[in-house]
Amino acid sequence: METRLRMVLPDHELVRLYEQMFLSREFEDHCAEQYTKGNITGFLHLYSGQEAVAVGATAGLHKDDYILSAYREHAQAIVRGADPKRVMAELFGKATGLCKGKGGSMHLFDPSLSFMGGYAIVGGQFPISVGLAFSSKYRNEDRITACFFGDGAVNQGTFHESLNWAQLWELPVLFICENNFYGIGTEVHRSSALASIHRRTCGYDIPSEKVDGMDVIAVYKAVKYAAEKVRETGRPLFIEATTYRFRGHSMSDPGKYRSAAEHELWKSRDPLPNYAKRLLEEGIATREALDAIEARCRAGVEEAVAFAEESPWPEDSEVYSDIYV
Amino acid sequence: MAEMTYRDAINLALKEEMRHDPSVVVLGEDVALYEGSFKVTRGLLSEFGEERVKDTPISENTIIGVAVGAAMGGLRPVAELMTVNFALLAMDQIVNHMTKIHYMFGGQAVVPMTIRMPGGGGSQLGAQHSQSLETFFMHCPGMRVLYPSTPADAKGLLKSAIRDNNPAIFLEHELLYNSKGDVPEDPEYLIPIGKAAVKRPGEQVTIVAYARMTVLALQAAEELAGEGISCEVVDLRSLAPLDDDTILASVRKTGRAVVVEECWRTCGLGAEIASRIFENCFDVLQTPVRRVSGLDVPMPYSRKIEKLCIPRKETIIQAVRDVTSGGY
Ligand SMILES: Cc1ncc(C[n+]2csc(CCOP(=O)(O)OP(=O)(O)O)c2C)c(N)n1
Ligand SMILES: [Mg+2]
């Protein structure tokens, strides 16, 4: 049962969700192009298909709630407010990048946005999220920590150790699993004995919920509710958002392990056109208005690419800066 | 002899050893259906089946622990860790278990297993994916540490590692996977563990290197020959045990040594080798031993500055010029 959109948010906010999803998709498409041109190097993991999760979830959090993620995190950073210009510059390895070109695609970070990082060691962000939540509680801050991770990450020891810890110390962590059904080429039921991931929290007595991660409104509602609960009780909760990545694991993966039929099925659930349709059907936006938004996003990303291209490389001396404070 | 890539030579070694010994099993993340994230295990699942080629969850410490147990139980597991960086999640099973069991149980148990892992920097993979951790393993007694520079050595060394009754770490350099060379087709072709190879004979300077650093050292030696400087290049191949005999004999001949290491300089293997040379060859040394090392920094992503952090042909050439011209 779909919710009528105006039950959930005012019109301009509903439209903003679309804009953020479109911007995310457009950003990733441009990244792919710049990777092919050799301007972006190293590993590049794109988020296309999963936009409803980052956008819906971020909208359900407070601005200063901490967010941590893995290496597929461009959209999470941008939706949180990171300047696409500086994100693109980071991907180009330029001095103007979010992390001065030292981090790259997998390691975005912006403390001014409480965006506490992309981590490339699968499962590395779990204990760090718990630690940040501990510091918030200790310092009596009104903030929770949202920890994003994939379906593959739940078999790391740190996942289990951190769930137990968050519950034991009563820490305000919202765990958000982006279940896109694959960890590289391994399908979730081939890596997890219990493939229904949200049910795995029962060993730690952490309530959990599964949500349609292709529906931005469903994600928003689930996260908004859960985030407020976490804030109120100071205890962890867990959301599993089922979703799909439309591209390979990274740019070097042709993704042959997924059938065309499966891909088509998920494509038909693409969060962007489906949400646009709802906005139009419910009279929240006109086609012209959406066209204008799309054009604006496109121009913004093109500007980001131009900025990255024109930006200077880091000085050689940067190699030795930031090792110690 | 057949010309093949480093990747294919490793693949061939795995296939030959699996044919040779039914107790050899392969396990790791994405090694079966996906055929390895660097495609090193291509064709294994189709030839040997699910019983022997096993995809695992992303659980590095347990991948190694399971291999340890399986080895104690009579198998000869070859575990792949997707990259050496993830070995850090398995250090407990590697250091506290794999390398201790034979010793602390008084020699009553054996752990005949091999851990394969790609590693090294230079592909703009950032600080968490570009590390050269060879020294970490060398520091700990109880395991072999092997790191080949050519397809032939890769094949022969991996086969020896799998047949050896000691645990072995077998490192593969990500930037060498596509390099080509002649490889003996003989399924009994083995490279002895603990033996370095003189890859280029020379008179004036010994360059000690390993893996991709050997490739760079050979290029440097070639260029230096044009300047009239004769270098002998010793390729370690085995980092543990180190082949002191070959290293020291070479330095006794040349009287000068440059050690090239991709890892961090501080407490790196270059420091270990330099001190062995000082301890044993002080009487013949004409100059201090020089190290060419990875910089002591986390690897930056940006390719502009990443390349400064890894030894290059030019930095090796400069070091050799320094020791031969007295400019050390
Ligand atoms: C500790 C560790 N092991 C292995 C890897 C290699 N690796 C990178 S991504 C990945 C799959 C993770 O899948 P999932 O958590 O589902 O995230 P997704 O890529 O689907 O977003 C693996 C195995 C890694 N980066 N870190
Ligand atoms: Mg996944």
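These numbers were taken from a predicted model, which means no experiment stands behind them. Order of the sequence lines fixes the chain letters, A, B, ..., with proteins taken first and strands second; residue numbering starts at 1 for each chain.
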Proximal component of A:I121, with respect to chain B [non-hydrogen, under 4.5 Å]: both
Toward chain B, the part of A:F43 with a non-hydrogen atom under 4.5 Å: both
pair A:D253-B:Y34: side-chain heavy atoms closer than 4.5 Å: yes
Atom CH2 of A:W165: over 12 foreign heavy atoms under 6.0 Å: no
Where A:G152 and B:I58 come nearest, the two heavy atoms and their spacing: O-CD1, 3.5 Å
For chain B, the option from A:V319, A:I323, A:T158, A:D322 that forms the most heavy-atom pairs under 4.5 Å: A:V319
Contacting region of B:L89 [heavy-atom separation from chain A under 4.5 Å]: side chain
For B:R303 against A:F92, the heavy-atom pair lying closest together: NH1-O, 4.4 Å
Chain A contact via B:L125 - side chain, backbone, both or neither, heavy atoms under 4.5 Å: both
Exam field: side chain B:Q128 to backbone A:A120, donor-acceptor pair closer than 3.5 Å: yes
Exceeds 12 heavy-atom contacts within 6.0 angstrom, atom CZ of B:R265: yes
Residue pair B:I305 / A:D316: nearest heavy atoms and the distance that separates them: CG2-CA, 3.9 Å
Flag if over 12 foreign heavy atoms under 6.0 Å of NE2, B:H139: no
Contacting moiety of A:L44, where chain B heavy atoms sit under 4.5 Å: neither
B:S302 to A:G93 - nearest heavy-atom pair and separation: OG-O, 2.6 Å
Side chain / backbone / both / neither for B:Y301 at chain A, heavy atoms under 4.5 Å: both
Interchain contact, B:E306 with chain A, by part (heavy-atom threshold 4.5 Å): neither
Steps toward side chain to side chain contact (heavy atoms under 4.5 Å, CB included) verdict (A:I184, B:M82): CA-CA 11 Å; A:I184 308 189; B:M82 198 174 276; 3.6 Å; yes
More than 12 heavy atoms of other groups within 6.0 Å of A:E315 CD: no
Enclosure of B:K39 NZ (heavy-atom neighbours >12, cutoff 6.0 Å): yes
Contact leader toward chain B among A:R190, A:M106, A:K100, where contacts are heavy-atom pairs under 4.5 Å: A:R190
Interface moiety of B:D30 toward chain A, non-hydrogen atoms closer than 4.5 Å: both
N/O donor-acceptor pair under 3.5 Å between A:N155 side chain and B:S59 backbone: no
